[in-house]
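Take a look at the structure below.
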Amino acid sequence: MKRLILIFILFLSPFTAALAQNADRSERRAAAEERAMAKRLAAIADSLSYVEAMNAIDSMDFVFEADMLIFKRGGTARVFSNLNFISVEGDEALVQVSPFDTGGPNGVGGVTVDGRIVNKEVRVDKRGNVTVSMMVMGAAISAEVLFMIAEGNNRASVRISPTFNSNTITLYGTVVPSERSDIFKGRTL
């Protein structure tokens with residue numbers, strides 16, 4: 001009897017192994033399909049955010065919300081996007097950079113300056129990458145601001161180059177329409 005059970009188990013073991021292997025393949029295939037679907041959905045969301053950002057840039061009513069700063073000598077800082085931004089409305093711009101937690105001339109850890117936009121130029125290359133350059137001139141600021149947005153999403157890098165010194169700063173973040181932005185403005189210089 002024991003021998004019969006042993007033969008029966010040995011006879012069934014290849015079938016159970018094959019069934020387990022098929023189940024494992026099915027699980028891997030389902031997981032791969034799920035990852036592919038998530039990737040397609042992310043690409044669609046990026047495309048929609050790109051179109052939304054380009055419409056906001058065309059109407060000159062957008063906010064660039066920075067989540068990372070790179071200073072002149074290469075130092076970096078992760079920052080809050082609601083405190084570090086460039087707001088553009090028509091021919092007016094508000095630039096706020098607040099890399100510190102408290103203090104600063106604006107009361108939120110940095111500086112807030114506003115000015116008038118002059119010499120605005122928007123270029124789109126053959127790949128769809130967008131470059132927006134402008135001069136922001138005001139009482140406390142005179143700087144070239146250069147936005148670079150890669151085709152397909154609303155992520156951008158912005159270089160702020162003051163005209164009176166060499167304290168260039170680069171910001172990384174997203175471009176959103178003004179009505180979707182949640183920013184906190186400090187005191188203006």
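None of the values given here were measured: they were computed from a predicted structure.
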Quiz item: Excluding sequence neighbours, so at least two apart, what forms side chain to side chain donor-acceptor pair (under 3.5 Å) with Ser142?
Solution: Thr163
Quiz prompt | By side chain to side chain donor-acceptor pair (under 3.5 Å) - contacts of Ser181 (at least two apart) | solution = Glu65
Quiz item: Under the side chain to side chain donor-acceptor pair (under 3.5 Å) test, which residues partner Glu52, sequence neighbours left out?
Solution: Arg180
Quiz item: Who passes side-chain contact (heavy atoms from CB on, under 4.5 Å) against Arg40, sequence neighbours left out?
Solution: Ala36, Met37
Self-check item: Non-neighbouring partners of Ser178 that pass side chain to side chain donor-acceptor pair (under 3.5 Å), sequence neighbours left out
Solution: Asp61
Using atom types as modelled, flag every donor-acceptor pair under 3.5 Å from a side chain in residues 152-160 to any protein atom, sequence neighbours excluded.
unit_1 : atom_1 : unit_2 : atom_2 : d
Asn153 : OD1    : Arg155 : N      : 2.9
Asn154 : ND2    : Val175 : O      : 3.2
Arg155 : NH1    : Asp67  : OD2    : 3.0
Arg159 : NE     : Ser161 : OG     : 3.4

Quiz prompt | Sequence neighbours excluded - salt bridge (Lys or Arg N to Asp or Glu O under 4.0 Å) pairs with any residue from residues 114-134 | solution = Asp91-Arg116, Glu92-Arg116, Glu121-Arg123
Exercise. With sequence neighbours excluded, tell me which residues meet ring-ring contact (aromatic ring centres under 6.0 Å, His included) with Phe85.
Key: none
Practice problem: Can you run down the ring-ring contact (aromatic ring centres under 6.0 Å, His included) pairs that involve residues 119-175, sequence neighbours left out, and say none if there aren't any? | Solution: Phe62-Phe147
Quiz item: Who passes ring-ring contact (aromatic ring centres under 6.0 Å, His included) against Tyr50, sequence neighbours left out?
Solution: none
Exercise. Nearest 0.5 Å please: distance from the CG atom of Asp46 over to the CG atom of Leu48.
Key: 9.0 Å
Practice problem: Could you work out the complete set of other residues in the hydrophobic cluster of Met148, with links drawn between I, L, V, M, F, W and Y side chains under 4.5 Å apart? | Solution: Leu146
Practice problem: Could you list the residues that satisfy salt bridge (charged side-chain N to carboxylate O under 4.0 Å, His left out) with Glu89, not counting sequence neighbours? | Solution: none
